Number of protein chains: 2
Amino acid sequence: MLSIAEENYIKRLVYLSLENGAGDGVGTNELATGLQVKPSTANDMLKKLRQKELIDYEKYGKIHLTELGTKIGMEIIRKHRLWETFLYEKLEFTWDEVHEVAEQLEHIQSEKLVEKLDKFLGFPKFDPHGDPIPNQAGEMQLLAKKMLAAVNVGEQCKMVAVKDNSAVFLNYVVELGLGINNQIEVLSKQDFDDSMEIRINGKTNRVSKKFAQNIYVIAD
Amino acid sequence: MLSIAEENYIKRLVYLSLENGAGDGVGTNELATGLQVKPSTANDMLKKLRQKELIDYEKYGKIHLTELGTKIGMEIIRKHRLWETFLYEKLEFTWDEVHEVAEQLEHIQSEKLVEKLDKFLGFPKFDPHGDPIPNQAGEMQLLAKKMLAAVNVGEQCKMVAVKDNSAVFLNYVVELGLGINNQIEVLSKQDFDDSMEIRINGKTNRVSKKFAQNIYVIAD
DNA sequence: TAATAAAGTTAGTTTAATCTAACTTTTAAT
DNA sequence: ATTAAAAGTTAGATTAAACTAACTTTATTA
């Protein structure tokens, strides 16, 4: 069984592998930064994880998760997202509060707990941030998510997730009356600063480029 | 903030203090045995906990929790029993499965989580084992749980827990129409074999001494 | 009450996860 | 193509929580 520290390294590796795309692999410094540890610390842990056959890499080379490592990582993400859903749906936590507590809950070891929780929540497919929840086999729906900034004038879309999970950003989102699965229509764009006018539930707002680059949508 | 190890020592000290009664204090070996560590390990931790003013003791003397130590201990027990209740009531865990998982969940740090969970469960006063759940202030109903076998003829009581968790026993309990919080009236006792006649929901049954020694009740 | 057992303590070691500082390899830029 | 910067590694130190072995104090009992 893995320690909490080991689980955190594996989880971060899954996220970074997805971000970097395809078989690009992950770097030591990148990983260390993401975990807020020094590269030397990450390096030590990487040796241990390779020993346990959860990752694969050569000295000075990129890190890749093995099949086993990926499976374990997906389980942790599954737990994280199920707990986020629980906190949001059942305990009235807000969007920005769920993450921190889920970071702790994701390390609880009990297969039965995860499956019962999943059932209790009605087998949700997405968490409150709109991110897909992996199933028991570690598979998850990849929805063709894109940035709001990439939507053309006159088109409609549906918000599915946010990129930035900070409290300041999420508060702003809520203030705009925007939530998961809400429709957004792009009314106009300014070439000068890439700000855009959008309509949410009949209400029109102007949002910045930075904002539009932190909202994930799907075509609608 | 306390580490999981520190929390486990404090929790065990609360239980042992209650068991030993009044101001008797707890011994190092007793504590070490309860936590499945060596006395020397416990001794080191005790120094740290004294440093943090959670306990009070002199070299070679008995250990007493301070007011702060007791408060923290009761919070951990509160969390443990709320989680047990959650697992039992909401996730269909059985009586004997809840403890192990609650041992992990009790260490999650989030005041909001505890209070929201309490509310979600409808502010329960007892956990699935019939043990009282401390309130936010750390106070709990001290119910003098006793064996059904110890109830006098003519008295009424309420079942709060079972001692034996075996399937054969639990099946028998169910067959008798007995469940948690059910009233039981002791109608008569046979001095010969200590069997007793009891009334459950208007139905009268004769049960053995062995049975009566495996049902916990409180006066009613 | 003296001897022995039980309880408690100390000193020194181990392991996991972190750090700093110094070093090596790879990558990028002039 | 050299060299400087970035990325990655190694060595040695630290802290928390555990251990063993040896020791001291307190309690028991013959």
Side-chain angles (χ1 to χ4, degrees), chain A residues 1-13 16-17 19-21 23-65 69 72-73 76 103-104 106-107 109, chain B residues 1-13 16-17 19-21 23-65 69 72-73 76 103-104 106-107 109:
Chain A
M1 205 172 52
L2 301 186
S3 68
I4 291 178
E6 288 169 329
E7 287 198 350
N8 283 331
Y9 279 86
I10 292 293
K11 188 180 65 161
R12 184 60 42 190
L13 282 168
L16 291 173
S17 299
E19 265 178 41
N20 293 356
D24 282 1
V26 179
T28 304
N29 285 8
E30 197 183 357
L31 175 63
T33 305
L35 290 165
Q36 314 227 62
V37 297
K38 300 296 166 194
S40 56
T41 305
N43 193 260
D44 282 351
M45 183 61 92
L46 288 172
K47 286 176 186 168
K48 206 199 314 184
L49 297 177
R50 180 171 49 187
Q51 178 64 35
K52 294 189 174 186
E53 303 196 21
L54 302 175
I55 60 174
D56 220 346
Y57 73 103
E58 271 153 63
K59 219 176 170 182
Y60 298 107
K62 292 295 180 185
I63 307 146
H64 297 269
L65 283 155
I72 290 174
I76 300 165
E103 286 282 301
Q104 296 181 61
E106 74 192 3
H107 300 295
Q109 303 287 176
Chain B
M1 206 171 54
L2 301 185
S3 69
I4 290 177
E6 288 169 328
E7 288 198 348
N8 282 331
Y9 280 85
I10 293 292
K11 187 179 66 162
R12 184 58 43 189
L13 282 168
L16 291 174
S17 299
E19 264 177 42
N20 294 357
D24 282 1
V26 178
T28 305
N29 284 9
E30 197 183 357
L31 176 63
T33 305
L35 289 165
Q36 315 228 64
V37 297
K38 300 298 166 193
S40 56
T41 305
N43 193 258
D44 282 351
M45 182 60 94
L46 288 171
K47 288 177 186 168
K48 206 200 313 183
L49 297 177
R50 181 170 51 185
Q51 179 64 37
K52 293 191 175 187
E53 304 197 19
L54 302 175
I55 60 173
D56 219 347
Y57 73 103
E58 269 152 65
K59 218 177 169 178
Y60 297 108
K62 292 295 181 185
I63 307 147
H64 296 269
L65 284 155
I72 290 174
I76 300 165
E103 285 282 301
Q104 297 180 63
E106 74 192 3
H107 300 295
Q109 304 286 175

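In what follows, chains carry the letters A, B, and so on, assigned in the order in which the sequence lines appear, proteins first and then strands, with residues in each chain numbered from 1. The model shown is predicted, which means the values in this text are computed figures rather than measured ones. Keep in mind that the numbers below use all heavy atoms, side chains included, and drop hydrogens, waters and symmetry copies.
A heavy-atom distance below 4.0 Å to DNA chain C is reached by none of the residues of residues 1-13 of chain B.
Listed by chain and number, the residues in a salt bridge (charged side-chain N to carboxylate O under 4.0 Å, His left out) with B:E106 are B:K11 (sequence neighbours excluded). Residues passing the side-chain hydrogen bond (donor to acceptor under 3.5 Å, both in side chains) test with A:N8, sequence neighbours excluded: A:H107. Under the side chain to side chain contact (heavy atoms under 4.5 Å, CB included) criterion, B:T41 pairs with B:Y9, B:V37, B:K38, sequence neighbours left out. The side chain to side chain contact (heavy atoms under 4.5 Å, CB included) search around A:E19 returns A:L16, not counting sequence neighbours. Looking at residues two or more places apart in sequence or on another chain, you find a side-chain hydrogen bond (donor to acceptor under 3.5 Å, both in side chains) between B:S3 and B:E6.
Annotation: B:E53, atom CD; neighbour count of heavy atoms from other residues, nucleotides and ligands within 6.0 Å does not exceed 12.
B:L46 pairs with exactly one of B:V26, B:L54, B:L31 by the side chain to side chain contact (heavy atoms under 4.5 Å, CB included) rule, that one being B:L31.
Atoms CD1 (B:I63) and P (C:dA7) sit 13 Å apart, rounded to a whole Å. Atom pair A:K38:NZ and C:dT18:P shows a separation of 12 Å (rounding to whole Å applied). As a whole-Å value, the separation of B:D24 CG from D:dA27 P is 14 Å. Going from atom CG of B:D44 over to atom P of C:dG12 covers 13 Å, rounded to whole Å. Remark: C1' of C:dC19 and CE of A:M45 are 14 Å apart, rounded to the nearest angstrom.
Applying the side chain to side chain donor-acceptor pair (under 3.5 Å) definition to pairs two or more places apart or across chains, those involving residues 25-35 of chain B are B:N20-B:E30.
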| message | One character per nucleotide, please: for nucleotides 2-9 of chain D, 5' to 3', B when the base has a protein heavy atom closer than 4.0 Å, S when only the sugar-phosphate does, - otherwise. | response | -----BBB
